Number of protein chains: 2
Amino acid sequence: MMTDTVQLSTKERILDCALTLFSEQGYDAASVAQIAEAVGIKPPSLYKHFKSKQEIFTALLDVMKNRYDVLEKSMHLNGTDALKDASRYEHMPDDELISIGKRLFSFFLHDSYTSRFRKMLTIEQYRNKALAQLYIQQYIDSALEYQKTLFTALAAAKNLHITDPETTAIQFYAPIFMLLSLCYADFSREQESLDRLEKHIRQFIKLYT
Amino acid sequence: MMTDTVQLSTKERILDCALTLFSEQGYDAASVAQIAEAVGIKPPSLYKHFKSKQEIFTALLDVMKNRYDVLEKSMHLNGTDALKDASRYEHMPDDELISIGKRLFSFFLHDSYTSRFRKMLTIEQYRNKALAQLYIQQYIDSALEYQKTLFTALAAAKNLHITDPETTAIQFYAPIFMLLSLCYADFSREQESLDRLEKHIRQFIKLYT
DNA sequence: GTCTATAAGAAGATAGAC
DNA sequence: GTCTATCTTCTTATAGAC
């Protein structure tokens, strides 16, 4: 993983700076000159590493697609298998579920790559269908699928009244999705959102038990 | 209201076309030439109506700010007073609440102005703080505030166990927010989202009664 | 692999005729 | 209020020296 290496190659630094600028301004508004300046080179040097501006963007999407497992890693749970994870939740006290929810939330908000990727896809999603599908898949579908599998497993546990795991997944995850959207737009509202998140999970547990 | 007039002035048509292009491509990617072509005039003619491209954008934001009441109007409820609206809900059968939720959802998705404004703000929100605040206010804060007031009133009704109206508002509204985000990215998933929305509201009512 | 110089084109915007 | 012609600046990208 890039962020683990101490020294980044020029190619990697270009991707890193481009990601920052694309996520703040969008692909079109961020110029090659800005990227080059952020890297500390002149614009022509950039073309020794990438054929075009578009190729930088495509390379970023490739990196993004290869980071599917970020969600699970961030939760320190087993790989991508929600069924395995479920056994951890079954006998988990409420406070630990809240702690996990908050850690997940904070990770999505503060992990440099995750947050910049999300912002970039958010503001580029309407430009073409492939980007829209990637946005949906990364931030809605895969998250819901994971939660759905999890709640399907939890439905077997005696103290949770889950009859429709998909709806339960939506009701658990949607507030996280919305509060993240809020904090990406205004970082100063993180603490307030964490409080709301905790209240949501507490109430969610109460409603389903 | 613009959409009510049969004939639009050139100035209005410029705003209309600009809104479409800004909402699909973003401010920077949509060129003045594209806007002019969509209107059916040459780029220089456009400058007789607006001093600059930026002024078109600013004018659109002004229109947007003057449409606060759209949510309430779309629900065919009384103005902006959630407390008044609450009396309608108190003795409302579940199916009617679902119908209202779906109509609200469809309105946000299909009303031409509402949907284009939302897309535009979504993809422009990270470019400056004022846009971010407008995004938050329009699509999160004001909606939550409305729902909160509503659920505060509904808490008084005997058959709803609402102890924390703010959390309840988040739990009711967040799925709508998320499913709308999904459908704005991919219109073909509207029916699936309407089904999910209905299941959510049904389950929501069941959980809180 | 970096630079300077520069091309080729598109962008926002203006002048002035009609 | 529209047009053609034009200006200036910025943008992506290339050529070629070091």
Side-chain angles (χ1 to χ4, degrees), chain A residues 2 5-63 116 119-120 123-124 126-128 130-131, chain B residues 2 5-63 116 119-120 123-124 126-128 130-131:
Chain A
M2 237 187 239
T5 60
V6 179
Q7 292 283 36
L8 295 178
S9 69
T10 304
K11 190 162 187 169
E12 287 168 329
R13 283 192 297 132
I14 291 169
L15 287 175
D16 193 68
C17 294
L19 177 56
T20 298
L21 288 161
F22 289 162
S23 69
E24 289 169 349
Q25 307 181 28
Y27 176 83
D28 236 82
S31 70
V32 171
Q34 276 181 294
I35 298 169
E37 193 187 3
V39 174
I41 56 175
K42 300 292 178 184
S45 306
L46 208 142
Y47 288 89
K48 296 288 178 183
H49 303 276
F50 296 94
K51 283 207 311 273
S52 65
K53 184 186 180 184
Q54 182 58 45
E55 203 186 76
I56 297 174
F57 186 74
T58 306
L60 283 173
L61 291 186
D62 289 341
V63 174
R116 286 181 293 165
K119 288 176 97 166
M120 186 173 82
I123 64 180
E124 295 298 334
Y126 303 135
R127 287 175 56 96
N128 79 60
L131 294 180
Chain B
M2 235 187 242
T5 61
V6 180
Q7 293 282 34
L8 296 179
S9 69
T10 304
K11 189 163 188 169
E12 287 168 329
R13 281 191 298 132
I14 291 169
L15 287 174
D16 193 69
C17 294
L19 177 55
T20 298
L21 288 162
F22 289 162
S23 68
E24 289 168 351
Q25 307 181 30
Y27 177 82
D28 237 81
S31 71
V32 171
Q34 276 180 296
I35 298 169
E37 193 187 1
V39 174
I41 56 175
K42 300 291 176 183
S45 307
L46 207 143
Y47 289 88
K48 296 288 178 184
H49 303 276
F50 295 94
K51 282 207 313 267
S52 65
K53 184 186 182 184
Q54 182 59 46
E55 204 185 76
I56 297 174
F57 186 74
T58 306
L60 282 173
L61 291 186
D62 289 341
V63 174
R116 286 181 293 166
K119 288 176 96 165
M120 186 175 81
I123 64 181
E124 295 297 333
Y126 303 135
R127 287 175 56 96
N128 79 61
L131 294 180

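Because only heavy atoms are used, hydrogens play no part in the values below, and waters and symmetry mates are left out as well, while side chains stay in. Small disclaimer: the values here were computed from a predicted structure and weren't measured. Note on naming: letters A, B, ... go to the chains in the order of the sequence lines (proteins, then strands), and numbering restarts at 1 for each one.
Listed by chain and number, the residues in a side-chain hydrogen bond (donor to acceptor under 3.5 Å, both in side chains) with B:Ser23 amount to none (sequence neighbours excluded). Legend: residues meeting side-chain hydrogen bond (donor to acceptor under 3.5 Å, both in side chains) with A:Tyr27, ordered by chain and number and at least two apart, are A:Gln54. The side-chain hydrogen bond (donor to acceptor under 3.5 Å, both in side chains) test applied to A:Lys42 returns no partner, not counting sequence neighbours. Residues satisfying the side chain to side chain contact (heavy atoms under 4.5 Å, CB included) test with A:Ile123, not counting sequence neighbours, are B:Ile123, B:Tyr126. Scored by the side-chain hydrogen bond (donor to acceptor under 3.5 Å, both in side chains) test, A:Ser31 finds no partners at all (sequence neighbours excluded).
First and last contacting nucleotides of DNA chain D toward chain B (any atom under 4.0 angstrom from a heavy atom, 5' to 3' order): D:dG1 to D:dA5.
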Exercise for review: Indicate for each nucleotide in nucleotides 5-15 of chain C, in 5' to 3' sequence, whether protein heavy atoms under 4.0 Å reach the base (B), only the sugar-phosphate (S), or nothing (-).
Suggested key: B-----SSBBB
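Applying the salt bridge (Lys or Arg N to Asp or Glu O under 4.0 Å) rule to pairs touching residues 46-59 of chain A yields A:Lys51-A:Glu55, sequence neighbours excluded. Listed by first and then second residue, the salt bridge (Lys or Arg N to Asp or Glu O under 4.0 Å) pairs involving residues 25-38 of chain A are A:Asp28-A:Arg127 (not counting sequence neighbours).
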